[in-house]
Amino acid sequence: MTTAPDQQPAQVGQPPTIIINNTSSSSASAAAVVGGYGRLGRRRQSFWAHFWLFMFTAGIGNIFYALHVSRWNRVRGL
């Protein structure tokens, strides 16, 4: 196979190395978690969930919701 005089021959070999410079700091990631985006902390009881559960389940749903949130926190050691 021949190439024209003004063309480079095709090179076969390793693909080029791609370097990605990540300049974000860890404090920016921590701020996102505190801000609620990655909420892994203690789960809180919701007033509105309790309100609507009381209205629609006569209070029985409130007990199950409270147990669910308490269990969620206990399992995670929070």
Side-chain angles (χ1 to χ4, degrees):
M1 178 168 128
T2 61
T3 59
D6 60 340
Q7 291 181 344
Q8 294 288 332
Q11 294 184 5
V12 178
Q14 296 285 338
T17 303
I18 298 173
I19 299 173
I20 299 173
N21 291 326
N22 187 357
T23 59
S24 66
S25 65
S26 62
S27 61
S29 300
V33 171
V34 172
Y37 295 109
R39 188 172 128 170
L40 297 174
R42 184 174 181 83
R43 195 174 271 190
R44 309 274 186 221
Q45 303 282 340
S46 169
F47 169 77
W48 290 110
H50 278 291
F51 173 78
W52 289 113
L53 285 168
F54 179 76
M55 297 303 281
F56 290 114
T57 65
I60 301 298
N62 286 342
I63 295 169
F64 290 113
Y65 174 69
L67 290 173
H68 167 72
V69 173
S70 297
R71 181 179 167 272
W72 193 92
N73 289 329
R74 186 175 58 249
V75 165
R76 287 159 181 80
L78 301 173

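Atom set for the values below is all heavy atoms of this structure, side chains included, hydrogens, waters and symmetry mates excluded. Note that the structure is a prediction, hence the values are computed from the model and not measured.
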Determine, for Trp72 and Arg74, whether the Lys NZ or Arg CZ falls below 6.0 Å from the six-membered ring centre while staying within 45 degrees of the axis. no
Linked, directly or transitively: Phe47 and Phe64 (ILVMFWY side chains, under 4.5 Å): no
Got a sec, which pairs hit side chain to side chain donor-acceptor pair (under 3.5 Å) with one end in residues 51-63, sequence neighbours left out? His50-Asn62
Spacing of OG belonging to Ser70 relative to CD belonging to Gln45, to within rounding of 0.5 Å: 5.5 Å
Is the shortest side-chain heavy-atom distance between His68 and Arg43 below 4.5 Å? yes
State which residues pass ring-ring contact (aromatic ring centres under 6.0 Å, His included) with Phe51; sequence neighbours excluded, sorted by chain then number. Trp48
Who else is in the cluster with Leu53 when I, L, V, M, F, W and Y are joined by side-chain contacts under 4.5 Å? Tyr65, Val69
